[in-house]
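One structure is given below, encoded as structure tokens.
In listed order, ligands and their atoms are each counted from 1.
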Amino acid sequence: MRLEYVTIFPDYFAPIHLSLVGKAIETGLLSVAVHDLRDWTHDVHRSVDDTPFGGGAGMVMKPGPWGEALDDLFGPGAPQPTTGPPQRSCLILTSPSGLPFTQSHAVDLATYDRLVFACGRYEGIDARVAEHAASLTEVRELSLGDYVLNGGEVAALAMTEAIVRLLPGVIGNPESLTEESHSGDYQRLLEYPVYTKPAEWRGLAVPEVLLSGHHAKIAQWRRQQAEELTRARRPDLLA
Ligand code: JD8
């Protein structure tokens with residue numbers, strides 16, 4: 001898979017070379033490129049923002065630099081693999097007004113060959129950019145959650161981790177993927193509580209059933225715990 005990011009803060013993506021994603025890059029499962037939006041500006045100030053039409057606080061990201069960037073990344077001049085089937089690409093606009101990013105988006109996007117994350121700042125990107133981008137490639141506007149961040153980079157990093165860990169060969173034991181919250185049989189349930197040694201810690205004991213070796217009872221207990229926790233904290237998932 002190829003991951004690309006367009007941002008005015010390229011250093012935000014330095015952590016991408018750490019841990020799981022970093023190893024996936026080292027092993028060649030993943031290639032990554034971070035693009036500085038200002039490389040597609042032409043004025044001495046390399047400006048990327050301007051005042052909003054209709055007034056209001058803050059600044060809006062200009063369509064010009066984004067349009068040129070997306071033309072270079074997706075347009076007819078964009079690098080295309082010469083051999084093999086056509087690449088499945090998607091442009092992900094991270095935005096507080098996007099569709100909620102969920103595990104099912106992660107699972108679906110993990111099947112793509114190329115993902116490009118457009119990371120906005122200020123009050124957001126001129127809305128015509130998404131319209132233009134849809135003439136070049138598939139576009140998904142996705143939100144990390146119902147809270148306001150100052151830009152799209154953190155959301156792009158979080159979505160990256162959720163997607164890359166699903167790529168074959170990235171996670172050591174793929175079995176652990178099926179047991180997770182929001183995926184496999186735990187599609188609609190939160191995680192059950194987990195424990196490790198020592199069995200007694202500061203006067204707190206591990207639930208007996210987990211020390212019993214009785215796999216069926218352990219699986220039943222874990223299911224009950226996951227359902228109880230979900231009922232208490234995320235009844236919306238059960239509905
Ligand atoms: C992209 C600019 C900042 C947002 C004025 C603060 C995602 N779950 C999420 N929360 N916030 C974002 C997000 C915020 C962004 C941009 C994503 C580009 N901002 C703006 C509107 C209010 N400022 C996000 N994914």
Practice task
If the plane angle is over 60° it's perpendicular, under 30° parallel, otherwise tilted; pick one for Y12 and F9.
Solution key: tilted
Under 3.5 Å, N/O to N/O: give me all the pairs between ligand 1 and the protein, one per line with atom names and distance.
residue, atom, partner, partner atom, Å
ligand 1, 8 (N), S143, OG, 3.3
ligand 1, 8 (N), L144, N, 3.3
ligand 1, 8 (N), G145, N, 3.2
ligand 1, 8 (N), G145, O, 2.9
ligand 1, 10 (N), Y147, O, 2.6
ligand 1, 10 (N), L149, N, 3.3
ligand 1, 11 (N), L149, N, 2.9
ligand 1, 23 (N), Y122, O, 3.4
ligand 1, 25 (N), S95, N, 3.3
ligand 1, 25 (N), L144, N, 3.4

Practice task
Indicate whether the side chain of D72 and that of H35 have a donor and an acceptor atom separated by less than 3.5 Å.
Solution key: no
Handout entry: L91 vs L70 side-chain heavy atoms within contact, under 4.5 Å
Key = yes
Handout entry: More than 12 heavy atoms of other groups within 6.0 Å of E208 CD
Key = no
Handout entry: With F117 via ring-ring contact (aromatic ring centres under 6.0 Å, His included) - residues at least two apart
Key = Y5
Problem - Charged tip of R2 within 45° of Y112 ring normal and under 6.0 Å - result: no
